[in-house]
Structure formats: structure tokens, C-alpha cells
Amino acid sequence: MSMPTTPTTLDRFLTPAHRALWQAADDFAAQEIQPRVERMEGAPHRVDRKIARLLAGRRWFGVTVPEAFGGMEAGHVAKTILVHRLARVSGAVAAILQASLIPVAALLYYGTAEQHTTLLPGVADGSVLMSIAVTEPDQGGHIGGMETTAEWDGRAWVLTGVKAHVGNSHIADLHVVVARTAPASTRTSRALTAFLVRGDQRGVNLVRHSGKLGLHGFSYGQITFDRVRVSPENVLGDVGQGFEAAQSSSILYGRPNLTAVSLGLHETAVSLTAKYVSNRPRYNGKLADLSVIQDRLGQMSARLIMARILAYHAVDMLDRGLPCDDELLTAKAPGHDLASETGNDAMQLHAANGLDESLSIGRVWLDMQTTYAPAGTGEVQRRRLAENLLRQEDEAASKCTPWSVLHTSRAQPPVPDRPVSV
Ligand SMILES: Cc1cc2nc3c(=O)[nH]c(=O)nc-3n(C[C@H](O)[C@H](O)[C@H](O)COP(=O)(O)OP(=O)(O)OC[C@H]3O[C@@H](n4cnc5c(N)ncnc54)[C@H](O)[C@@H]3O)c2cc1C
């Protein structure tokens, strides 16, 4: 296989195996996704199931699953490469991949040996597609306000509530659902529990998928849970550990995944715009000859380089087991802001033609809006950065273990306690 031309900015982060994966993702995007983009875009109410099967065929849902369970065990830089390169061609396809990778973190970090043996081989071959259901319609990003409850009836947990914006809601086989298992007076950090709930269980109902702005083909809809019975074997982690499971998945997988979606879209916005202004006639030359246009292009190029460095630097640190909570935050929130500014420039430089649905820039711009909210909105990420900064000034609080370190030990591949056939 020929090696791709990767940006030199990223040289220090990429091994030969990463470069081969980069090429494989680009080839897949060109052969399998590009021909589908127009159809997906034209059908906002449709959920694309075929794409997930194609991604599963590459075993990419198992990019971080240990080899012992049939996964690629390729790490966080590899995961970013896959999501980033697919997002260049379709934000929706990248979203399908990344949404089912987030709950894998919860399963890897909090699952029992039995849960690993039973579920990870299916995750790796894509036959068990996962989702993570935390957000609720009224509470949004306020996990502590969660109203979904799970009550123990002596034999099983009985789960009732509504989850919203669940990535891959309509195609997932297995949902990680976080619910309240303690009275409202209990601290959030001990009040929630994560459960493994099959999509076909009695009482699990999907609210009809409606088209949204952006990411056409990807479902991130509502799921209702009406007295769904969950046996104790399907509790993920300890009772009371649900907040930790949700937070760590979001911080260590969610943030870099959304950063990678944003980066892919950012790259496409820059290249579409450079092409557009280079071809559009003006006076005796092209729009690109005007210095004011070049000034804008220069800013777009600089932002893209910054976003690339932020994205890959953070996941490289994660792969090395270094504390990098702030780097993950910075890659996600300011990374989104950089992309968003570029998206606005791109639309303005396309001017009226940018509003023409036959040009891709409008789709890319809309898809860019979707990376702001998930895995923590900008306000939430900036607040966390400020809290971490202030904590450094406080000697007692500064001893708090960062999430990226807390899970380094857990992130070691679990070893199966009996042979696994895949
Ligand atoms: C594409 C996509 C995929 C998603 N995938 C999933 C998924 O797989 N699973 C899942 O559970 N959820 C998912 N979500 C939901 C996502 O996690 C939420 O959108 C996010 O938590 C914010 O909730 P909200 O949108 O309801 O906004 P709200 O929480 O209602 O916030 C509204 C506004 O108020 C601000 N705000 C809120 N609280 C504060 C505060 N304390 N301080 C300062 N500002 C504040 C926010 O920053 C925001 O600007 C997804 C969302 C999208 C768009």
C-alpha cells in the first residue's frame, strides 16, 4: 500500500501503522462514502444503517478494543485518524463511528471480566453496536439533574425515563444508560449507576427519527425506557459509579472524537474555499488574486494548522499515559471555535453561491455546528479549564488526580480469563 501524504505538522505523532490507517480511511471514504453523500444529504429523515455495517466490516468499532478480544488495540491517535479522515468526506459517517466508540470506553474501564468476554468480541467485529444515553430532554448537560431512575425490586433494576440526543439511537444494539439509583439528597458522584440495556428489550422505545439540521443519515434521537428490567449482571461498574463512567467516557473518548469530527470538517471547508476562490473569475484574474481574499485564506490556513496540532497533541499525550485533561479540553472547545470561524469565512467567501445546496460548503458549515454541544459545550469546557487553573493555585485541591491519569491504569487492555473466539 502506498503511504499517504500527511501534513508535516503531524509527523511527530504518526507511526508507519498510523500512516497506513490514514490511507485506509481515505480509500474507504473515497470508495464507499463519497458516492453516498448526496443521497444521505437529500434524505434528512433517513437513518443510514448500511454505513455502520461497512464500518463494522473494517473492524473500526474495535479500534481501541484489546487484540485479545479481536480488536485493533490501536489507541487514541489511531481513533482520531479514523474519525478525522472520514469527517473530511462526511460528518455524518464520522459521527456514526465516533458515537459508538464513546460507550466502548465505559465498557473497557468499568466492565467486569465476564462483560468483557461476552461483549468485546461483538464490539470489535461490529455485531454489537453501542450507544451511550446520558443526556435528558430537560436537563441537557446537567448530569446531576438527571430524572431517569432505576429502582431495585428485589430481583432486578427497573429503569424508567427519557434520554435525548443519543448518538446512534436508532441503530445501536446495546445502550449504556445512566440512571439515578439513590435519593436526590445523595451527591451526584455517588447517586448514578450505568446499565447495559439491549435495544430490543421490552420497554425500550425509540421516538420516531426526525431530520435535524446537519449530519443527515446519523441518528441522535430520543429513547424512552418504560419499566425496563435490568438484571444485576448488566450493571456496568459498581452501583453509584455511573457518574464516573459517564464522565470518563465523555472526557477521554467523547472530547477527542468530537475534536476529530470538527477537524475533518475544518479541513474540507479550507480546501473547498481555496478551490472556489482560485476558480472564480474577477477583473482580469481570479478572486484568489485579491490581497483581501488572501488575508482571509491565510487566517483559515493558520487556524487549521492550530486545530490539527491541538487535536493530535492531546491524543498523543493520552496514548503516552500523560496527564492531559486540559489538552483534551482545549482541543475540543477552542478547536471547535477555530473551525467555526473558518466555516463562517468559508461561507462568506462563497457568498450567494454558498447557499446553493448543490455545493458542499453549506453541508460542511451546518455539520460544523453539531460539534459544539456534545461531550461538553464550550461554556462547560472553559469552566473546567478555569477550575483546573484555579486548582493549581490551591495546594490541597491540586492533588486531585486528572481523569487522564485516573484511567491510565484501567486503560491497560483487560486480559480475557478464558479464550475468546472471534
Ligand atoms: C451531534 C450530537 C451528538 C450527541 N451525542 C450524545 C450521546 O451519544 N449521548 C448523550 O447522552 N448525549 C449526546 N448529545 C447531547 C449532548 O451531550 C448535549 O447536547 C450537551 O450535554 C448539552 O446539553 P443541551 O444541548 O441540552 O444544552 P443545555 O445543557 O441545556 O445548555 C444550553 C446552553 O446553556 C449553557 N450552559 C448550561 N449549563 C451551564 C453552566 N452550568 N454554566 C455555563 N453555561 C451553561 C450551555 O453551554 C449551552 O450553551 C449529543 C448532542 C449532539 C448535538
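Ligands are counted one by one from 1 in listed order, and the atoms in each one are counted from 1 as well. All residue numbers in this chain count up from 1 along the given sequence.
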**Message:** Would N234 and W157 count as a side-chain contact (heavy atoms from CB on, under 4.5 Å) here? Give the steps.
**Reply:** CA-CA 9 Å; N234 288 320; W157 291 94; over 6 Å; no

**Prompt:** What protein heavy atom is closest to atom 49 (O) of ligand 1, reported as residue, atom name and distance in Å?
**Reply:** E379 OE1, 3.3 Å

**Message:** Between the side chains of R88 and D26, is the shortest nitrogen-to-carboxylate-oxygen separation below 4.0 Å, so that they form an ion pair?
**Reply:** yes

**Message:** I'd like to check atom 2 (C) of ligand 1 in this structure: does the protein have a heavy atom lying under 4.0 Å from it?
**Reply:** yes

**Heavy-atom protein contact below 4.0 Å for atom 9 (N) of ligand 1** = yes

**Message:** Any atom of ligand 1 sitting under 4.0 Å from a heavy atom of I132?
**Reply:** yes

**Item:** Ring geometry between Y312 and F13 (parallel below 30°, tilted from 30 to 60°, perpendicular above 60°)
**Value:** parallel

**Fill in**
Closest to atom 42 (N) of ligand 1 among protein heavy atoms sits R383 NH1, 3.5 Å

**Prompt:** T377 heavy atoms, cut-off 4.0 Å: which ligand 1 atoms fall inside?
**Reply:** 22 (C), 46 (C), 47 (O)

**Prompt:** Does a salt bridge link R383 with E379, judged by any charged N lying under 4.0 Å from a carboxylate O?
**Reply:** no

**Prompt:** Does atom 31 (O) of ligand 1 have any protein heavy atom closer than 4.0 Å?
**Reply:** no

**Message:** For a 4.5 angstrom cut-off between non-hydrogen side-chain atoms, does R180 reach T148?
**Reply:** no

**Minimum-distance protein heavy atom relative to atom 12 (N) of ligand 1** = T135 OG1, 2.7 Å

**Request:** Give the residue, atom name and distance (to 0.1 Å) of the protein heavy atom nearest atom 5 (N) of ligand 1.
**Result:** H165 O, 3.1 Å

**Prompt:** Looking only at distance, does T370 have an N or O less than 3.5 Å from an N or O of ligand 1?
**Reply:** no

**Request:** Give the residue and atom name of whichever protein heavy atom lies nearest to atom 52 (C) of ligand 1, and the separation in Å to one decimal.
**Result:** P374 CG, 3.6 Å

**Message:** I need the nearest protein heavy-atom contact for atom 26 (O) of ligand 1: residue, atom name and distance, please.
**Reply:** G140 CA, 3.1 Å

**Item:** Closest non-hydrogen atom pair, A105 against S249
**Value:** CB-CA, 4.0 Å

**Prompt:** Tell me, which protein residue and heavy-atom name are nearest atom 22 (C) of ligand 1, and how many Å apart are they?
**Reply:** G141 N, 3.7 Å

**Asked** Does any non-hydrogen side-chain atom of M130 lie less than 4.5 Å from one of H175?
**Response** no

**Request:** Salt-bridge test for D325 and R384: reply yes if a basic N is under 4.0 Å from a carboxylate O, no otherwise.
**Result:** no

**Request:** In plain terms, say whether R19 and D11 are close enough for a salt bridge, that is, a side-chain N and a carboxylate O under 4.0 Å apart.
**Result:** yes

**Request:** Indicate whether atom 39 (C) of ligand 1 is within a distance of less than 4.0 angstrom of some protein heavy atom.
**Result:** no

**Request:** Would you confirm whether any non-hydrogen atom of the protein falls under 4.0 Å from atom 34 (O) of ligand 1?
**Result:** no

**Request:** Return the residue, atom name and 0.1 Å-rounded distance of the protein heavy atom closest to atom 25 (O) of ligand 1.
**Result:** A373 CB, 4.2 Å

**salt_bridge(R85, E267) N-O dist < 4.0 Å** = yes

**Message:** Taking 4.0 angstrom as the limit and counting only heavy atoms of G167, give me the atoms of ligand 1 inside it, by number and element.
**Reply:** 5 (N), 6 (C), 7 (C), 8 (O)

**Geometric N/O contact L215 with ligand 1, under 3.5 angstrom** = no

**Request:** In plain terms, say whether R363 and E357 are close enough for a salt bridge, that is, a side-chain N and a carboxylate O under 4.0 Å apart.
**Result:** no

